[in-house]
Amino acid sequence: MNYTSTPPHLSLRELPKLGGLLFACSTVLLELILMVMQPQERLVEVLGGILGIIMAGLWFERLLQRNVVREEPRPLLSSSPGSYPVPLQPQFRSPPEPVLDPADTLYRDEYGVQCFLLAKGNESAARSQDAFALDKDLRRYAVTDGVSRSFLPSYWAHILATRFVRDPQSMEDQTHFAEWLQEGHNEWQQKAQQWVGRAEKRRQEQSLSNETDWQQQMNIGAQATLIGCQISPASTNNGTVRIQITAIGDANFFLMRRTRAGSWGCVMSYPHSDPGAFDTAPNALATAATISLKRIQRTWDWIGEQPQIEGYQGDYILLTTDAIAKWLLQQLLSRQEDWYCFLNPNTTLSAFAHLIFNERTVGRLEDDDITVLVVPL
Amino acid sequence: MTTVGGKYARRLSRQYPGLFVLLLDQSGSMVEQVPSYKRSKAEIATSALNNIIHEMIKNAGFDDYDPGTRKKYAYISILGYNDSVYPLLTKTGEPIDIATLAERPRGFAPVSREIRKGSEVLHKTERLPYWIEPYSQGRTNMVLAFQRAKEVVQHWLSSPPLERWQAPHSECFPPIVINITDAQHNSSGNPVREAQEIQRLSSREGKALVFNCHFTRDGGSPCVFPNNPNEVRRLDTVGLAAMMYDMSSIIPEPLRDDASRVAGSPLSPGARCFAYNANPDVLIKFLRWGTLAVPFHDFEDE
């Protein structure tokens, strides 16, 4: 299946049925007119008839849109009234100047999907321990966050994100999950062994006297949190989509929707909807989980329910790592709108970095790697 | 005064490294043997310090993008003192980062460890790195040691970041000075004043912290994190305990929970970063608390 950033519009699906009915009625009407009119008059009347059919179609479309019941964002998390996201114009008390590295890039594709990625502190994004991946055909998206204190977490984060979006069956049941995790572990092990080889070569070249038990490090292994989702057409076939969410740890999913008042609100946030729920030792996918069935079982239990929600055209999915998720929940609770820039296709990486640096400076945002993957529906 | 201002919230990281200044008493009295351990106080204290450096290195984790190197989350300066003060890690006394320490130990030595498995006690010998060696001679000039420590702390706080990715030191967790001694100060000057001078220096996260660990060969029962001067005054007749109590920082409120865990009971406001009559076990626990629990908050004791 090819990815389309704009799911088929509600009215386009319904129009063929309505059009058929209208066409039948208008054909009968035209035949009656043609029986009593001159040829010149007939041409004018035919054109008028066609115009009438189009107008009727549009009227029906509006009627249908009105009849679709859309879930309004919960008041708790809705923002104050505002307009469609406008290009970011940050207001700073003391503007910090982020230094962007050539490796700091903003992913943006033809479907409107965009991903902002910044590393903690003044680091280059290339050193971030977050990762993201998407598969346009399968419509699977993932953001992962490597746990700093584990061994080579950035490799693991990349492997997990990539493998999650490529394998739609990975989270189907515990058996598939165990296989998926084992394959990921094997890939990580290969990369880790290459890394150890380079480390040992460097040690010999520089005559360093340190000794490390690399096998012990490999056994300790890497850990990462994951937030992923799969978008599929809804069974009702009315243009809505079904979103299935998979979460391990405190990376977070958000579904944002415009309210009738024109502001943006959060329809769902998962697994956390309370900024106070983020702790320092979240559950994580560990390479070491593959060593026993018991550990695999425990990790599978952590995944638990993989909730589903319906999304509509115009909604946005946000997949984020923990620090920015916590900040975003605080923004929603305090009805702030700084986050609107995430939805804006014109937001530059520089503008995004300014916002992040400013929020870090004033202490509203923890200094951590930041990833925000934005998927418009 | 029972509270200390400051957030003390910024945990150590590659971006926000911390400074540790460790003062090691190397006066003549450190040569005394500790009967239960059959080693001198100098050997035990030195071993504890080497052990802590090794633990700090292990805690640093590896840099994913620089094969083999540890993350530079901490800088350490160790100053030995007796009649004079001298650096033990580098020639100049400049703090040295964890990654470099990891790669350049002075040597390796077999270290025997007891491992308890239920009722069974196993002895395991490991070849571990060391950075400092035991030494003991002369008097105990604590004033000079604190003066030198103050210079190191001042220089750290005012100097620019050492790496491109690091934040200014003024934004990092405040420097920690840990003094390990076995005897009373017996040179001129007032060590209390010097220690308090250090506590006036600060980063945005809070004031620099001074920890004191009085280490004995036998002595009475240890007194850890006292919060009452009267309780301390009873500990000795010459006023050494009271002096060291006054030299020690009050445990900042954000760090008190961790200290309570180490102490095994809830600590009251005003408790000090101080251990008196510490035996070797308390010494290592105290050092681990000062270097790993305090600057990380959530560090889990193994």
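A, B, ... follow the sequence lines: proteins, then strands. Residue 1 opens every chain.
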Between [X] and chain B, which part of the residue has a heavy atom less than 4.5 Å away: side chain, backbone, both or neither?
X	value
Ser154(A)	both
Arg203(A)	neither
Gln129(A)	side chain
Ser150(A)	neither
Phe151(A)	side chain

- prompt: Is the closest basic N to carboxylate O distance between Asp367(A) and Lys120(A) below 4.0 Å?
  reply: no
Asp63(B) with Lys72(B): basic N within carboxylate O range, under 4.0 Å: no
query: Looking at Lys71(B), Gln15(B), Glu171(B), Glu103(B), which has the largest count of heavy-atom pairs under 4.5 Å with chain A?
result: Glu103(B)
- prompt: Picking from Gly107(B), Ala167(B), Pro105(B), Gly61(B), which has the most non-hydrogen pairs under 4.5 angstrom with chain A?
  reply: Pro105(B)
- request: With a 4.5 angstrom heavy-atom cut-off, could you sort out which part of Gln166(B) is near chain A: side chain, backbone, both or neither?
  value: backbone
Ignoring hydrogens and angles, state whether a donor on the side chain of [X] or [Y] is under 3.5 Å from an acceptor on the partner side chain.
X	Y	answer
Asn219(A)	Gln215(A)	yes
Asp257(B)	Ser260(B)	no
Asp338(A)	Gln331(A)	yes
Asn252(A)	Thr320(A)	no
Trp156(A)	Gln223(A)	no

message: Evaluate Lys326(A) against Asp250(A) for salt bridge (Lys or Arg N to Asp or Glu O under 4.0 Å), listing each step before the verdict.
response: CA-CA 9 Å; Lys326(A) 186 177 176 181; Asp250(A) 56 5; over 6 Å; no
message: Angle between ring planes, Trp214(A) versus Phe62(B), binned at 30° and 60°: parallel, tilted or perpendicular?
response: tilted
task: Give me the ring orientation class for His169(B) and Trp156(B): parallel if the planes are under 30° apart, tilted from 30 to 60°, perpendicular past 60°.
output: parallel
- prompt: Residue by residue, which of residues 120-131 of chain B have a heavy atom closer than 4.5 Å to a heavy atom belonging to chain A?
  reply: Arg127(B)
field: Option in Glu200(A), Glu366(A), Gln217(A) with maximal non-hydrogen atom pairs under 4.5 Å from chain B
entry: Gln217(A)
